[in-house]
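What you are looking at is a predicted structure, and each value in this text was computed from that prediction instead of being measured.
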Amino acid sequence: MKRGRRVAECGERGGQGVDVPPGVGGSSVAPPRGAVLRINPLPDSSGLRAIGEISMNTRTVWQHALRELVEQRTDVLHVDLSRVNFVDVAGVTDLAVTAQHLPEGQRMVLHQPPPQLPRILELFWPELDAIEVAA
């Protein structure tokens, strides 16, 4: 991911929000109106800022952002989740699987995640050392 470039937005076209069509992100159920996820690079560190909802409706964007994130060859990858209002188990799974495949010595630091995210990580991946949660 290059600095200063907006990576992706789900549910947006031409700067105006639009509904995500059914089936995007692997779901066959019509998404709730307004399901949006914006991903922006962090200006001062290697990482990304997610804004909105991480769910089946925005999963494709989330997975793409995580793939681009790990292409950054730094020891610490920062993920600012302070403006994420919801993350589902599939979104946390994508994060955990990404962290499991990081090269030795590389880790992710999650900044201000929604309260359910650390609980899900602890429940399903209690030994995952490649993710650090920073409040």
Side-chain angles (χ1 to χ4, degrees):
M1 184 173 3
K2 296 180 183 174
R3 291 182 188 265
R5 188 181 106 209
R6 194 158 120 206
V7 177
E9 290 197 20
C10 181
E12 183 175 276
R13 184 178 307 140
Q16 298 177 352
V18 297
D19 291 333
V20 180
V24 171
S27 174
S28 61
V29 178
R33 297 183 64 77
V36 174
L37 176 62
R38 291 183 180 92
I39 303 292
N40 296 311
L42 290 175
D44 299 328
S45 63
S46 298
L48 61 85
R49 173 176 290 118
I51 303 166
E53 173 183 300
I54 300 170
S55 66
M56 292 302 289
N57 307 316
T58 59
R59 190 168 188 203
T60 302
V61 172
W62 179 237
Q63 290 173 328
H64 177 76
L66 291 174
R67 280 192 302 271
E68 285 197 4
L69 177 67
V70 299
E71 290 176 5
Q72 298 180 24
R73 302 294 181 208
T74 61
D75 291 341
V76 181
L77 302 169
H78 296 273
V79 181
D80 181 348
L81 299 169
S82 62
R83 295 186 56 197
V84 170
N85 53 29
F86 176 77
V87 59
D88 67 7
V89 174
V92 180
T93 299
D94 292 333
L95 193 61
V97 169
T98 299
Q100 289 172 330
H101 291 97
L102 289 175
E104 185 70 33
Q106 193 174 35
R107 64 188 172 99
M108 286 185 195
V109 176
L110 310 181
H111 299 274
Q112 298 177 317
Q116 70 270 26
L117 194 149
R119 288 185 287 218
I120 294 169
L121 283 173
E122 184 62 31
L123 182 64
F124 292 106
W125 298 277
E127 303 299 321
L128 184 58
D129 294 331
I131 293 181
E132 175 186 331
V133 176

Engineer: Under a 3.5 Å distance rule, please check whether Q106 uses its side chain to pair with a backbone N or O of R73 as donor and acceptor.
Structural biologist: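 Pair absent, no side-chain N/O of Q106 close to backbone of R73.
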Engineer: What are the two closest non-hydrogen atoms of L121 and V133, and how far apart are they?
Structural biologist: CD1-CG2, 4.4 Å
Engineer: Could you state the interatomic distance from CG (L66) to CD (E68), rounded to the nearest 0.5 Å?
Structural biologist: 10.0 Å
Engineer: Please find the pair of heavy atoms, one from A134 and one from P113, that lie closest to each other, and give the distance.
Structural biologist: O-CD, 4.1 Å
Engineer: Can you give me the closest heavy-atom contact between L69 and H78, atom names plus distance?
Structural biologist: CD1-O, 4.3 Å
Engineer: Between L95 and I54, is any pair of side-chain heavy atoms under 4.5 Å apart?
Structural biologist: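 The answer is no, as the side chains (C-beta and beyond) never meet within the 4.5 Å cut-off.
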Engineer: Restricting to non-hydrogen atoms, name the atom on I131 and the atom on A96 that form the minimum distance, rounded to 0.1 Å.
Structural biologist: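 Nearest heavy atoms, I131 then A96: CD1-CA, 4.2 Å.
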Engineer: Considering all heavy atoms of both residues, which atom of I39 and which atom of A50 are nearest to each other, and what is their separation?
Structural biologist: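 Closest approach of I39 to A50: CD1-CB, 3.8 Å.
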Engineer: Are V109 and L77 co-members of a hydrophobic cluster defined by side-chain heavy atoms under 4.5 Å apart?
Structural biologist: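 The answer is no; the residues belong to distinct hydrophobic clusters.
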Engineer: Do L81 and V97 belong to the same hydrophobic cluster, where Ile, Leu, Val, Met, Phe, Trp and Tyr are linked whenever their side-chain heavy atoms lie under 4.5 Å apart, directly or via other members?
Structural biologist: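 Different hydrophobic clusters.
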Engineer: How many angstroms lie between atom CG of D94 and atom CZ of R67, to the nearest 0.5 angstrom?
Structural biologist: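 It comes to 9.0 Å.
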Engineer: Could you state the interatomic distance from OG1 (T93) to CD1 (I120), rounded to the nearest 0.5 Å?
Structural biologist: 8.0 Å
Engineer: Would V87 and I51 show up in the same hydrophobic cluster when neighbours are defined by side-chain heavy atoms closer than 4.5 Å?
Structural biologist: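 Different hydrophobic clusters.
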Engineer: Hey, does the side chain of Q100 reach the backbone of L128 with a donor-acceptor pair shorter than 3.5 angstrom?
Structural biologist: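 Between the backbone of L128 and the side chain of Q100 there is no qualifying donor-acceptor contact (under 3.5 Å).
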Engineer: Just so I know, are the side chains of L117 and L110 near enough to count as touching, which here means a heavy-atom distance under 4.5 Å?
Structural biologist: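 With C-beta onward as the side chain, the pair touches.
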Engineer: If you measure from CG on L42 to NE2 on H111, what distance do you get to the nearest 0.5 Å?
Structural biologist: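 With rounding to 0.5 Å, CG (L42) is 7.5 Å from NE2 (H111).
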Engineer: Looking only at heavy atoms, what is the nearest atom pair of M108 and V79, with distance?
Structural biologist: SD-CG2, 4.5 Å
Engineer: Side-chain contact test, heavy atoms from C-beta onward, threshold under 4.5 Å: evaluate it for V76 versus S46 and give yes or no.
Structural biologist: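 Not touching, per the 4.5 Å side-chain cut-off.
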Engineer: Quick one: does V92's side chain get under 4.5 Å of W125's, heavy atoms only?
Structural biologist: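 V92 reaches W125 side chain to side chain.
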Engineer: With a 3.5 Å distance limit and no angle check, can you tell me whether T58 reaches the backbone of E53 through a side-chain donor-acceptor pair?
Structural biologist: yes
Engineer: Counting N and O atoms only, with roles assigned by atom type, does the side chain of W62 sit under 3.5 Å from a partner on the main chain of G91, one being a donor and the other an acceptor?
Structural biologist: yes
Engineer: Give a yes or no on whether the backbone of M56 and the side-chain of D88 come within a donor-acceptor separation of less than 3.5 Å.
Structural biologist: yes
